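Here the structure is laid out as structure tokens; the discussion comes afterwards.
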Amino acid sequence: MAETTPALRAVVEESGLVVHEHPLMVLDPTTSVSTVAGTDEDVSVRIMDLDDPALPSALAVPHLAFAEPGTGIGLAGAAELAEAVREHGGDVDHVAARIRAGLTVVSAAVKDGTALCAGQHQPIGTVSEVVGVGTLPAARRRGFGLAVTAALVTDARSRGVETVFLSAGDEDVAGIYARLGFRRIATALIAEPAE
């Protein structure tokens, strides 16, 4: 966190890594989160079972979402998602093991058997982090990210989680999470190798 260790950023950057800032947000345990529906009647938002046929697309769609960051409607659509499912097919076994162990919960907004938006939460005791919420760029601006996040929070709370937190991709995305009641508490610094 930038605010608690301000000198660490310079040290990390000197090592050659690139540091990105992301709003770190938390949901107050007393904040009520109701079910949120997207704007498409034919889309169901659900927690994914291991045998859900939409699980592979739910794991692939965030890859496309993060490749086209932001909240605006993008180019990647059904054809790109089908290719991403083929590319990231190995993710299913890894995530399935985490689901079985109770370490990961996946939610998705699904239409015609394909996830248009998906995300996860990672519960440990009374804390869970919401991660990887992403909407297929061509399906953005229809409320799916908000609906998936609400489903993840509802599931986390049903498991006894009291503290739900996340790192938003940017300020625009943070604004979406704020609509559910998340509030910014700090700035997460995430480092990665330079391209």
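These figures come from a predicted structure and were not determined experimentally.
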Would you find a donor on one side and an acceptor on the other, under 3.5 Å apart, between the side chain of D49 and the backbone of D51? no
Judged by atom type as modelled, is there a donor-acceptor pair below 3.5 Å linking the side chain of E80 to the main-chain atoms of G77? yes
Under the 3.5 angstrom rule, does the side chain of H121 hit a backbone N or O of E129 as a donor-acceptor pair? no
Filter on side-chain hydrogen bond (donor to acceptor under 3.5 Å, both in side chains), then keep only pairs touching residues 168-178, sequence neighbours left out; what's left? E171-R184
side-chain contact (heavy atoms from CB on, under 4.5 Å) against A186, all qualifying residues, sequence neighbours excluded: M1, E3, L24
Is there a path from V92 to M48 through hydrophobic residues (I, L, V, M, F, W, Y) whose side chains come within less than 4.5 Å of each other? yes
Donor-acceptor pair, E68 side chain versus A76 backbone, under 3.5 Å? yes
Say whether, by atom type as modelled, one donor and one acceptor occur between the side chain of R140 and the main chain of T71 under 3.5 angstrom. no
Any salt bridge between R157 and E162, counting N to O under 4.0 Å? no
Under the 3.5 angstrom rule, does the side chain of T31 hit a backbone N or O of L27 as a donor-acceptor pair? no
For a quick check under 3.5 Å, do S128 and Q122 share a side-chain donor-acceptor pair by atom type? no
Flag, side chain of H20 to backbone of I190, donor-acceptor distance under 3.5 Å: no
Please check: side-chain N/O of Q120 versus main-chain N/O of G132, any donor-acceptor pairing under 3.5 Å? no
